[in-house]
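See structure below.
A quick note: this is a predicted structure, and the numbers were derived from the prediction, not measured. Just so you know, ligand 1 is whichever comes first in the structure, and atom 1 is the first atom listed for that ligand.
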Amino acid sequence: LIIWIVNLTTVIFRKIFRNMSETIFSKIIRREIPADIVYEDDLALAFRDINAQAPTHILVIPKKLIPRVSDASPGDQSLLGHLLLVVQKVAQQEGLANGYRVVINNGDDGGQTVDHLHLHILGGRKLQWPPG
Ligand code: AMP
């Protein structure tokens with residue numbers, strides 16, 4: 001009985017803590033809220049940004065919850081590389097042959113508003129540099 005109670009408590013705590021760190025992007029991954037999904041594989045998902053800053057503005061996210069690039073660990077190396085290859089695939093799919101920008105905002109000063117790692121793909125117009 002004690003083992004059963006311990007197991008149940010562990011399950012409940014895991015659920016609570018997972019939900020605490022989860023963002024709206026986890027709900028998009030689980031199809032609990034709608035998104036305009038343009039690419040999906042086992043490890044990643046790509047969907048259109050709801051507040052587009054360019055004619056093409058897509059977010060590429062890992063299905064695994066890594067809040068920020070500064071939270072990634074050496075074990076995430078191949079996943080992080082995979083995300084860039086997904087960027088490449090999506091950009092091709094979207095016909096961004098003339099170029100595009102890939103942006104990762106990190107933390108408050110970086111302007112990150114959703115704590116689930118995401119790579120912005122911005123294209124379809126000439127972008128300025130440096131960003132504000
Ligand atoms: P960042 O400021 O780098 O954290 O980027 C978060 C991005 O997520 C912003 O560009 C938002 O417009 C976008 N965003 C927030 N909620 C949604 C949503 N439900 N569907 C699509 N994009 C979203």
Under 6.0 Å between ring centres, would you say that holds for Phe25 and Phe47?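 Distance test on ring centres: under 6.0 Å, yes.
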
Would you confirm whether the ring centroid of His116 sits within less than 6.0 angstrom of the ring centroid of His118?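 That pair fails the under 6.0 Å test.
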
Once you restrict to heavy atoms under 4.0 Å, what part of Leu59 touches ligand 1? Side chain, backbone, both or neither.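 Side chain only.
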
Using a strict cut-off of less than 4.0 Å between a Lys/Arg side-chain nitrogen and an Asp/Glu carboxylate oxygen, indicate whether Lys63 and Glu40 qualify as a salt bridge.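 Yes, charged N to carboxylate O under 4.0 Å.
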
Check this for me - ligand 1, [X], N or O atoms closer than 3.5 angstrom, yes or no?
X: Ile28; result: no
X: Phe47; result: no
X: Gln112; result: no

Atoms of ligand 1 less than 4.0 Å from Val114 heavy atoms?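 With Val114 as reference, the close atoms of ligand 1 come out as 4 (O), 6 (C).
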
Donor-acceptor contact present, side-chain [X] to main-chain [Y], <3.5 Å:
X: Asn106; Y: Gln112; result: no
X: Arg101; Y: His120; result: no
X: His57; Y: Gln53; result: yes

Could you find the nearest protein heavy atom to [atom] and give me its residue, atom name and distance?
atom: atom 5 (O) of ligand 1; value: His118 NE2, 2.9 Å
atom: atom 17 (C) of ligand 1; value: Ile50 CG2, 3.8 Å
atom: atom 4 (O) of ligand 1; value: Thr113 N, 2.6 Å
atom: atom 9 (C) of ligand 1; value: Asp49 OD2, 3.3 Å

When hydrophobic residues are tied together by side-chain contacts of less than 4.5 Å, even through go-betweens, does Ile121 share a cluster with Leu84?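 Yes, Ile121 and Leu84 fall within the same hydrophobic cluster.
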
Does ligand 1 have any atom that is closer than 4.0 Å to a heavy atom of Gln53?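 Flag not set, Gln53 not near ligand 1.
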
Heavy-atom contact check, 4.0 Å cutoff: does Ala35 meet ligand 1?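 Ala35 does not count as a contact of ligand 1 under the 4.0 Å cut-off.
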
